[in-house]
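Numbering of ligands and ligand atoms starts at 1, following listing order. Here, residue 1 is the first one in the sequence, and each next residue gets the next number.
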Amino acid sequence: MKIAILPGDGIGVEIMAEAVKVIECLNSDFSLNAEMENGLVGGAGYDAHGHPLPQETLSLVKEADAIMLGAVGGYKWESLDIAVRPEKGLLGLRSELELFSNLRPAILYPQLADASSLKPEVVSGLDIMIVRELTGGIYFGQPRGIRTLEDGQRQGYNTLVYSESEVERIGRNAFDIAMKRDRRLCSVDKANVLEVTEMWREVMIEVSKDYPDVELSHMYVDNAAMQLVRAPKQFDVMVTTNMFGDILSDCAAMLTGSIGMLPSASLDANGKGMYEPIHGSAPDIAGENKANPLATILSVAMMLRYTFDNADMAKRIEDAVGSVLDQGLRTIDITSDGMTEIGTAEMGDAVVAAMRAVK
Ligand code: IPM
Ligand code: MG
């Protein structure tokens, strides 16, 4: 199996080095047979080739079975034209590879319960899966742009558009996931205002007929944002549009205390996937050995589970992360009184040691 390694920008480089250590350990000690090849994306791609998704990288990811991505973006590239900004590299990967299904788990590690800004009883045991549509909706809808009106002022416009088949495939995906969990699916829309999500709701109801064991509910997005901070444990799986999912997943991530802990998967129809931490490139701490590599390491676990169908190895990584937290080891974003603060590289080493501890 072939894994494309795209560290990207900022802390992406440091955290990816730790994920690579984990994959190397699986290769050497647990007979995983993964080949890794590096590529440039984001600002790094722009600097080297004038484009955030260079042709070389595109060929590499098309050939690979899975892609590990660090993070893209940074101050340095903020003033570039929107067409070549680092974020376009990420959006290009999603659309070129048709990675329409984005899985964003929000799980609270019991060892980190104090890190949440919400009361422990509100979040303890939290385990939500957000399924975000990733290649459609307002992010990609046409027409889009900024035009000049007759009266001389500018007008910006984007289009929120979904076809039934796009809604159906993300819906089926979410129902399949719900079947493997607590069998409760909440579809989030704005059907009281937007026709496109009125149709979204109708399609979800249609799909639900094939999943009689899953309890489907619907919620308007504003209410969903409120419920996520009021009583988040009411949710099992949530499914929603590209932009609503972008916003709600940040909110859900923060319930767990640190965005530095959460992995994600972006999958196509055949299980090929791109795996990345939910957090960004954090240019303010880049290169300082401070970033938390655990979200990226946990993304390796998701890759093993969803693309390589290897739940045992995935669990080995997840258990190793739990063990490292039990040992009191913490990067700066999740540290608290009485814990041992360590750096990015030391955290990666600790996870590898814990993976080896139970053979
Ligand atoms: C995310 C990010 C991206 C998005 C940006 C960087 C384009 O916020 O993955 O959630 O909006 O999808
Ligand atoms: Mg986002």
Exercise for review: Please name the pair of heavy atoms, one in Lys272 and one in Lys62, separated by the smallest distance, quoted to 0.1 Å.
Suggested key: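 Closest approach of Lys272 to Lys62: NZ-O, 3.0 Å.
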Review point. Closer than 4.0 angstrom: is that true for some heavy atom of Glu276 and an atom of ligand 1?
Key: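 In this structure, Glu276 fails to qualify as a contact of ligand 1 - no heavy atom is under 4.0 Å.
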Point to revise | Lys NZ or Arg CZ of Arg184 over Phe235 ring: under 6.0 Å, within 45° | key: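 Pair Arg184/Phe235 does not count as cation-pi.
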Review point. Can a cation-pi geometry be assigned to Arg132 and Phe244, taking NZ or CZ under 6.0 Å from the six-membered ring centre and within 45° of the ring axis?
Key: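 Cation-pi check for Arg132 and Phe244: fails.
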Practice item. Would you please say whether a donor-acceptor pair under 3.5 Å links the side chains of Glu133 and Asn102? Key: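 Checked: Glu133/Asn102 side chains show no N/O donor-acceptor pair below 3.5 Å.
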Check your understanding: Can you tell me if Trp77 and Asp9 form a side-chain donor-acceptor pair at under 3.5 Å?
Key ->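 Short answer, no.
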Practice item. Considering heavy atoms of the protein only, find what lies nearest to atom 4 (C) of ligand 1 and give residue, atom and distance to 0.1 Å. Key: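 Going atom by atom, the protein heavy atom closest to atom 4 (C) of ligand 1 ends up being Tyr139 OH, 3.5 Å.
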Review point. Which residue holds the protein heavy atom closest to atom 10 (O) of ligand 1, what is that atom called, and what is the gap in Å?
Key: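 Result: Asp246 OD1, 2.9 Å.
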Check your understanding: Hey, is Arg181 close enough to Asp127 for a salt bridge, meaning N to O under 4.0 Å?
Key ->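 Counted as a salt bridge, because a side-chain N and a carboxylate O are separated by less than 4.0 Å.
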Check your understanding: Any N/O/S atom of Asp250 sitting less than 2.8 Å from the Mg ion (ligand 2), backbone or side chain?
Key ->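 Within the cut-off used here (under 2.8 Å), Asp250 places no N, O or S atom near the Mg ion (ligand 2).
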Practice item. Just let me know how Arg104 lines up against ligand 1, side chain, backbone, both or neither, with a heavy-atom cut-off below 4.0 Å. Key: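 Side chain only; the backbone of Arg104 stays clear of ligand 1.
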Review point. Should one rank Lys88, Glu87, Arg94 by closest heavy-atom distance to atom 3 (C) of ligand 1, which comes out on top?
Key: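 Ranked by closest heavy atom to atom 3 (C) of ligand 1, first place is Arg94.
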Check your understanding: For the Mg ion (ligand 2), which N, O or S atom of Asp246 is at the shortest distance?
Key ->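 Output for this pair reads OD1.
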Check your understanding: Can you find an N/O atom of Arg132 closer than 3.5 Å to an N/O atom of ligand 1?
Key ->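 Yes, there is a polar N/O contact under 3.5 Å.
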